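Below is one structure, written out as structure tokens, with a few remarks after it.
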Amino acid sequence: MKKTALITGITGQDGSYLAELLLKKNYIVHGIKRRSSQFNTSRIDHIYQDPSLHKRNLILHHGDLLDSPNLFNIIRNIKPDEIYNLAAQSHVAVSFEQPEYTANADALGTIRLLEAIKNLKLQSKTKFYQASTSEIYGDNNLKKLNENSNFKPSSPYGVSKLFSYWITRNYRDSYNIFASNGILFNHESPRRGETFVTQKIVKGLVKIKYNLQGCLFLGNLDAKRDWGHAKDYVFAMWKILQHKKPDDFCIATGKSFTIKNFIDEVAKNLQMKLKWEGKGVNEVAINTRNNKKIIAVNQMYLRPSDINSLTGDYSKAKKLLNWKPKINFSQLVKEMVDSELDKYSK
Ligand code: NAP
Ligand code: F7E
């Protein structure tokens, strides 16, 4: 008997890689996508199956985390073995502009799904994965963060996700639902959204290389992040739900780099030489080939509060799930740059 999974956020970076993984594992995959005025399925078009096909193993449903009856009906009709709740307003800076919407989707959305499992009495059938995040730690002076570190989120996004972290644990303890949190540190890929800093840097520097853009404006250049590859991380999500009991796991690489380090690595892959000058908001990078300023800070990209440094400790996942990241920082950057260059050569 094939397993059935429901992925919220299937059109996002992680949803697309997870759908690929589960299809390879012979699951029937259901995904929730939002109605939009233009197609929003570019990340999953390569696995799309026409609804007129007699037998399909990828089925899309219109839906929204803000819409309880819609979520309830989808879950009642499918009765999935596994639900992966990946849908979210996932941009930290945007969460300061839309705090109420972010809380509605990222905090209450999780309750809506857990309530459906509870009220449909699916406790003994349906396992639940919650996409938690290193943003729940906030600025924590610890060198490496693990499942026992303190939580002190510093954005409406982080606060909403911390609510979801606790409600997932609460429904696990109160109603015996197999509900687990994956506390994932930043993960990227060629499918990363264009407004996250890694993809913004890759796309910006490639354009600069081809003289299609002058200067790239960024915010906090000194922030440090632990960047892994989304493909490795969706494998961890699946492993978390295959574990013998529900639990919470940090998924990270254990190494962190500054935004400037990321820029230097991208530049290296593009055979560009940069020279850094100035400090703080006046810091700039100069292209040594033509002496042009190509990176500068624009204060509009600074957040009301930011997290200076995040590094994760994945030893629990390594020990209990036998999971470890396969793709390192330089391989990740190379893949993102090569994929962008490939689009231009095409
Ligand atoms: P993403 O690319 O931004 O994808 C988010 C997905 O959620 C998209 O499919 C989006 O649909 C959907 N969505 C947004 N609001 C929704 C709503 N109200 N109802 C239904 N669907 C909605 O994010 P990602 O990088 O794949 O991340 C996946 C999950 O992991 C998110 O929950 C994120 O917060 C969390 N997370 C991400 C990272 C990371 O570094 N990537 C780290 C830790 C945790 P549209 O395509 O229509 O916009
Ligand atoms: O910012 C700094 C920014 O937006 C990283 C989400 O997937 O990971 C992601 O959240 C750092 C921050 O990711 C720009 O201030 C500088 O310090 O790429 P980001 P994020 O905020 O870490 C976590 C784990 C999630 O859960 C989230 O869903 O880079 N930064 N200049 C900038 N960031 C952006 N976006 N744009 C800039 O111009």
Side-chain angles (χ1 to χ4, degrees), residues 7-19 31-36 38-44 61-67 70-71 84-95 98 101-102 104-106 108-110 112-113 129-137 139 153-155 157-158 160-161 164-165 181-189 191-201 204 216-230 233-234 237 250-252 258-260 262-263 295 297-310 312:
I7 304 175
T8 74
I10 195 167
T11 57
Q13 171 188 254
D14 293 5
S16 66
Y17 283 113
L18 181 65
I32 295 184
K33 66 164 185 161
R34 295 193 286 183
R35 191 267 158 186
S36 71
Q38 286 199 313
F39 287 123
N40 60 354
T41 51
S42 62
R43 292 186 178 105
I44 50 169
H61 308 261
H62 280 116
D64 197 299
L65 280 188
L66 272 58
D67 186 346
N70 158 265
L71 297 173
Y84 295 87
N85 181 28
L86 309 189
Q89 190 303 92
S90 70
H91 203 283
V92 176
V94 172
S95 80
Q98 289 193 278
Y101 175 77
T102 303
N104 204 343
D106 299 11
L108 296 183
T110 310
R112 295 182 180 111
L113 293 167
Y129 173 89
Q130 170 58 20
S132 189
T133 162
S134 49
E135 286 290 307
I136 63 176
Y137 295 114
D139 237 344
S154 48
S155 65
Y157 170 79
S160 305
K161 284 283 189 177
S164 282
Y165 167 89
N181 286 292
I183 309 172
L184 272 50
F185 285 64
N186 297 54
H187 46 279
E188 320 292 312
S189 73
R191 296 186 198 164
R192 184 58 143 154
E194 302 186 9
T195 59
F196 295 96
V197 78
T198 54
Q199 189 71 295
K200 186 172 165 184
I201 294 166
L216 174 66
F217 292 99
L218 297 167
N220 180 1
L221 299 175
D222 298 315
K224 265 182 138 182
R225 289 293 183 273
D226 178 337
W227 281 297
H229 196 297
Y233 286 36
V234 300
M237 294 177 189
C250 277
I251 302 298
T258 63
I259 308 300
K260 275 194 282 182
F262 194 93
I263 294 168
I295 307 269
V297 175
N298 185 325
Q299 308 220 20
M300 74 176 277
Y301 296 116
L302 298 174
R303 298 173 182 181
S305 65
D306 200 358
I307 302 177
N308 286 319
S309 183
L310 285 170

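This chain uses plain numbering: 1 for the first residue, then up along the sequence. Whatever order the structure lists them in is the order used to number ligands and atoms, beginning at 1. Since the model is a prediction, treat every value here as computed from it, not as a measurement. Worth knowing before you read on, the calculation uses all heavy atoms, side chains too, and leaves out hydrogens, waters and symmetry mates.
- In terms of N/O distances under 3.5 Å, ligand 1 is approached by Gly12.
- Ligand-side atoms of ligand 2 in range of Lys200: 37 (C), 38 (O), range being under 4.0 angstrom from any heavy atom.
- When heavy-atom distances to ligand 1 are checked against a 4.0 Å cut-off, Tyr17 has no atom that comes that close, whether in backbone or side chain.
- When heavy-atom distances to ligand 1 are checked against a 4.0 Å cut-off, His91 has no atom that comes that close, whether in backbone or side chain.
- Among residues two or more places apart in sequence or in another chain, the ring pair (Phe, Tyr, Trp, His ring centres under 6.0 Å) test is passed with His91 by Phe196.
- In this structure, the protein non-hydrogen atom closest to atom 31 (N) of ligand 2 is Gly219 N, 2.7 Å.
- The nearest heavy-atom contact from the protein to atom 15 (N) of ligand 1 is Arg34 NH1, 3.3 Å.
- Heavy atoms of Leu221 found under 4.0 angstrom from ligand 2: none, in either backbone or side chain.
- Residue contact check for ligand 2: Ser134 places a non-hydrogen atom closer than 4.0 Å to it.
- One option in Thr198, Val92, Asn298 has a heavy atom closer to atom 10 (O) of ligand 2 than any other, and that option is Val92.
- In this structure, atom 23 (O) of ligand 1 lies nearest to the protein heavy atom Ser90 OG, 3.5 Å.
- The contact set between ligand 2 and Asp306, taken as ligand atoms under 4.0 Å from a residue heavy atom, comprises 3 (C), 12 (C), 15 (O), 17 (O).
- When non-hydrogen atoms are compared, ligand 1 lies under 4.0 Å from neither the backbone nor the side chain of Lys33.
- Applying the 4.0 Å criterion to heavy atoms of Ser90 picks out, from ligand 2, the atoms 6 (C), 27 (C), 28 (O).
- Close approach to His91 involves these atoms of ligand 2, each under 4.0 Å from a residue heavy atom: 35 (N).
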Trace of the side chain to side chain donor-acceptor pair (under 3.5 Å) decision for Asn70 with His61:
CA-CA 10 Å; Asn70 158 265; His61 308 261; over 6 Å; no
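- Under 4.0 Å from ligand 1, the heavy atoms of Ser132 that appear belong solely to its backbone.
- Contact annotation: Glu188 has no heavy atom less than 4.0 Å from any atom of ligand 2.
- Residue contact check: Ala223 has heavy atoms under 4.0 Å from atoms 17 (O) of ligand 2.
- Using a 3.5 Å distance cut-off with no hydrogens or angles, the side chains of Ser95 and Thr102 do not pair a donor with an acceptor.
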